[in-house]
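Accompanying notes for the structure given below.
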Number of protein chains: 2
Amino acid sequence: MTSAELSTRDRIVNAASDLFYGEGIRAVSVDAVAERAGVTKRTLYYHFTSKDELIAAYLQQREQPNLARFRRWYAEAEGGVAEKTRAVFRNLARAARRPSWRGCAFLRTAAELANMPGHPAIRIGVAHKKDFENWFAAMFAAEGLENPAQLARQVVILLDGAFAVVLLNRDPAYMEAAGDAAFTLVTGAPAQR
Amino acid sequence: MTSAELSTRDRIVNAASDLFYGEGIRAVSVDAVAERAGVTKRTLYYHFTSKDELIAAYLQQREQPNLARFRRWYAEAEGGVAEKTRAVFRNLARAARRPSWRGCAFLRTAAELANMPGHPAIRIGVAHKKDFENWFAAMFAAEGLENPAQLARQVVILLDGAFAVVLLNRDPAYMEAAGDAAFTLVTGAPAQR
DNA sequence: TTGATCACACTCACTAGTCGGTATACATGG
DNA sequence: CCATGTATACCGACTAGTGAGTGTGATCAA
């Protein structure tokens, strides 16, 4: 509290993050975000010109930590590329068991704002997934696998599919199944040259 | 207009379907649905006791036609199981190019209502995906593939992942990539016994 | 008479966004 | 060394409109 004071802006974004992720973007009012941040709405509108801008800030804040978490899971896992890839899914399955888990913030935002394809928040989501895919491609390329870009894309699809399905049915076993599929695909990928 | 008269209830559900799918559930008001159906709000509330009930009816209406469409795509495709499975993804890629395409209604509803896990609409979505998975499993089993249930689950995850990702980045190439992954998995599955 | 529909006013809570004003900080000029 | 200006950060109260859902009474067809 005393040492790690957050700026007002950061407190607002944190409040927005909690509420938007927990309840959904359209389900949460600007008033609710302001109240949670311990700030008046007027102050919120001093830092953000609109709710849309706040939504974008919410996703932007999640981008880096998210990527870092996946990288860590990958790095800390034992075994080869296939095992490490599968380990990412296993960690995700564990995360999905937490009651506060609500799937992937980027995917859910895209679903909620499906009628606004050019929304800044969606662009952030697109960039995030692209970064993700590129990172996987780099991992696979480093291991000398053939067609790392295609493989990375397929793994990302499995990952996002698991996110979507588990959000629907709340059964983390689907994360494991997706991880097994990724394992199979990576294992089956021929080493190049 | 004259011969194919729809019941008032059906007109309401159709209007809800168009609007909920096109704009999102929380983005569409009951008033808007009533107006689109050419009905007063009072009449809408004569047929449905709440918006939640209307949401459930919207998904229930989509369930059967959806399944039938996928079955048709599968049946009409040439080649073996793997080719037929991939064909489903290819047809989906084509569908995703239509400007009115907004992904999977069931997945998007789950994303929007992520804070209400027991919502009737979500239960309908869960049942729908389960039916889907069972149908794929039956196809794979009929072909004598080993572990058809696991394979079906992985294909469904790829399908839903493609739905989610393409809704985000609007690039149908991801559908094709998912189809290729499904093809690889099915091809690689050993015949049993 | 009964089931289905309309008209339309109404409640009450909530929504995004705004108006006008205040407290503090920090610099500049006299 | 103090007064004044200017910018930053903040707030309470407000507007104008929308949300889901209801009350009531009329109409119309089987």
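Order of the sequence lines fixes the chain letters, A, B, ..., with proteins taken first and strands second; residue numbering starts at 1 for each chain.
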Do A/Phe70 and A/Tyr74 have ring centres separated by under 6.0 Å? no
Please tell me whether A/Val126 and A/Leu113 are part of a single hydrophobic cluster in this structure, the criterion being side-chain heavy atoms less than 4.5 Å apart. yes
Between [options], which one does the side chain of [X] approach most closely?
{"X": "B/Thr8", "options": "D/dC11, C/dT5, C/dA16", "value": "C/dT5"}
{"X": "A/Lys51", "options": "C/dG17, C/dT5, D/dA20", "value": "C/dG17"}
{"X": "B/Lys41", "options": "C/dG17, D/dT22, C/dT5", "value": "D/dT22"}
{"X": "B/Thr40", "options": "C/dT5, D/dG12, C/dA7", "value": "C/dA7"}

Just the rounded figure in Å: distance from [atom2] of [N] to [atom1] of [X].
{"X": "A/Asp31", "N": "D/dG19", "atom1": "CG", "atom2": "C1'", "answer": "14 Å"}
{"X": "A/Leu19", "N": "C/dT15", "atom1": "CG", "atom2": "P", "answer": "12 Å"}
{"X": "B/Phe20", "N": "D/dG19", "atom1": "CZ", "atom2": "P", "answer": "12 Å"}
{"X": "B/Ile25", "N": "D/dA20", "atom1": "CD1", "atom2": "C1'", "answer": "15 Å"}
{"X": "B/Tyr46", "N": "C/dT2", "atom1": "OH", "atom2": "P", "answer": "13 Å"}
{"X": "A/Leu54", "N": "C/dG17", "atom1": "CG", "atom2": "P", "answer": "10 Å"}
{"X": "B/Arg42", "N": "C/dC10", "atom1": "CZ", "atom2": "P", "answer": "15 Å"}
{"X": "B/Ile55", "N": "D/dG19", "atom1": "CD1", "atom2": "C1'", "answer": "13 Å"}

With under 30° as parallel and over 60° as perpendicular, where do the rings of B/Phe136 and B/Phe140 fit, or are they tilted in between? parallel
Find out whether the Lys NZ or Arg CZ of B/Arg108 is both under 6.0 angstrom from the six-membered ring centre of B/Tyr21 and within 45° of the ring's axis. yes
What is the nucleic acid contact for B/Val28, judged by heavy atoms within less than 4.0 Å: base, sugar-phosphate only, or nothing? sugar-phosphate
If you find the nucleotide of DNA chain D closest to B/Tyr45 and the one closest to A/Gly38, which residue's nucleotide is nearer the 5' end? A/Gly38
Does C/dC14 have its OP1 or OP2 closer than 4.0 Å to a side-chain nitrogen or oxygen of A/Ser29? no
On the nucleotide D/dT8, are OP1 or OP2 found under 4.0 Å from the side-chain N or O atoms that A/His47 carries? no
For the ring-ring contact (aromatic ring centres under 6.0 Å, His included) test, which of B/Phe20, B/Phe48, B/Phe106 pairs with B/Tyr58? B/Phe20
